[in-house]
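Input: a single structure, listed below in structure tokens.
The chains referred to below are lettered A, B, ... by the order of the sequence lines, with proteins before strands, and numbering in each begins at 1.
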There are 2 protein chains.
Amino acid sequence: MRLKRGSEYGIHGVLYLAMQPKDKTTLLNEVAEVLKIPKSYLSKIFQTYTKAGILKSFRGAKRGFALTRPPEKITLKELVESFEGKLLVEGCSLGRDDCPQNKHCSISKRLRKAQSAMDEVLEKTSLKDLMMNFKKI
Amino acid sequence: MRLKRGSEYGIHGVLYLAMQPKDKTTLLNEVAEVLKIPKSYLSKIFQTYTKAGILKSFRGAKRGFALTRPPEKITLKELVESFEGKLLVEGCSLGRDDCPQNKHCSISKRLRKAQSAMDEVLEKTSLKDLMMNFKKI
DNA sequence: TATCTAATAGACCCACTAAGTCCATTTGGA
DNA sequence: TCCAAATGGACTTAGTGGGTCTATTAGATA
């Protein structure tokens, strides 16, 4: 179970922003070049994060991207979910909404439990935690 | 994060086998019809399980499928993994094996931790657990 | 007010996977 | 040797992932 490449690029990109001086805005171009990510693709990803309220973008003179919140208030969960979609699905985890078992299906129950175990770890991890032992590039 | 349809069909199919009298072999056709799964597709899925050592198949007169082990010895994890692939990946969870951080990447570490939390729940769940509150169809 | 540069929106593309289908072959007991 | 079902492999079709390209817009400054 790998994350999508977009998640990878995105998380690295956001981490790069987090390591910049506070209140500085950074150009997409810089991030893309340093991290060797196709610029037009990273552009899409950052747009997604912007809509998700994780990044804010600026045009004009003081242009570029920056975090909307301090790193300790951005969780790995929201980063992952904004690209992968919700980890924890409602209803039948198997996608069979016409299942006779419906809500009471023991399979769905266990799968949901497994997913929420994963969810919890991601929720507890902040961008700051990730920065801690991430060497400066 | 939904499972693939193949996993869904497969888990339901195997659960159906588990609920049959011990040592009985059941025809693919029966399973497919009762569970309303395309027969040719379920055939592929059961073949996968057979290769994975979860099911055994018979030809000739006493034909059909059966579990290789008692339900309490078959875990949800192996059912899921035989269709979805390993949940827990080695190396960079982000797929960047050329990452300068390599093994020490804090992102990968947390993602692996999240995945193994999920893994653990699936590992602890046996087919028997699933049977417990699964009403007879 | 015109200009410049980068962010934004959206259309488009290719490769690959998911989800099945179909058919020819094999198996093993009656 | 016949039968019915399991097997293997080729094939299809729809959808997603992973991008690219271009035109438009925003906003500080000259």
Decide, yes or no, whether a salt bridge links E8(A) with K4(A) under the criterion of side-chain N to carboxylate O below 4.0 Å.
no
May I have the distance from K4(A) (atom NZ) to dT17(C) (atom P), rounded to whole angstrom?
15 Å
Whole Å only: how far is the CZ atom of F46(A) from the C1' atom of dG19(D)?
16 Å
How close or far is atom C1' of dT27(C) from atom CZ of F65(B), stated in whole angstroms?
13 Å
Interatomic distance where CZ belongs to R5(B) and C1' belongs to dA19(C) [whole Å]:
8 Å
Base, sugar-phosphate or nothing for K56(A)? Non-hydrogen atoms, less than 4.0 Å.
nothing
Are K62(B) and dA6(D) close enough that a side-chain N or O sits under 4.0 Å from OP1 or OP2?
no
Send over the distance from E8(A) CD to dG17(D) C1', rounded to a whole Å.
13 Å
Between the side chain of T68(A) and the main-chain N/O of I54(A), is any donor-acceptor distance below 3.5 Å?
yes
Separation of dC11(D) atom C1' from K44(B) atom NZ, nearest Å, is 11 Å
Selection from dT7(D), dG20(C), dA7(C) that lies nearest to any side-chain heavy atom of S43(B)
dT7(D)
Please check the phosphate of dG8(D) (OP1 and OP2 only) for any side-chain N or O of Q47(B) closer than 4.0 Å.
yes
What's the closest nucleotide to the R63(A) side chain, out of dT5(C), dG20(C), dA28(D)?
dT5(C)
Check whether any side-chain N or O of T50(B) sits under 4.0 Å from OP1 or OP2 of dA6(D), and answer yes or no.
no
Is the backbone of I107(A) close enough, under 3.5 Å, to the side chain of R110(A) for a donor and an acceptor to pair up by distance?
no
Side chain of S40(A) - closest among dG20(C), dA9(C), dC21(D)
dC21(D)
Base dA7(C) paired with R59(A) side chain (donor-acceptor, <3.5 Å)
yes
Does dA19(C) have OP1 or OP2 under 4.0 Å away from a side-chain N or O of Y9(B)?
no
Here the distance between atom P of dA5(D) and atom CD of E30(B), to the nearest Å, is 12 Å
With no angle test and no hydrogens, is the base of dG19(D) tied to the side chain of K39(A) by a donor-acceptor pair under 3.5 Å?
no
Taking T75(A) for the side chain and E123(A) for the main chain, is one N or O donor matched with an acceptor at less than 3.5 Å?
no
Given dT7(D), is OP1 or OP2 found less than 4.0 Å from the side-chain N or O atoms of S57(B)?
yes
Rounded off to whole Å, could you give me the CD1-to-P distance for the I45(B) and dA18(C) pair?
12 Å
Of the nucleotides dG20(C), dT20(D), dA7(C), which one has an atom closest to the side chain of Y41(B)?
dG20(C)
Counting N and O atoms only, with roles assigned by atom type, does the side chain of R69(B) sit under 3.5 Å from a partner on the main chain of K73(B), one being a donor and the other an acceptor?
yes
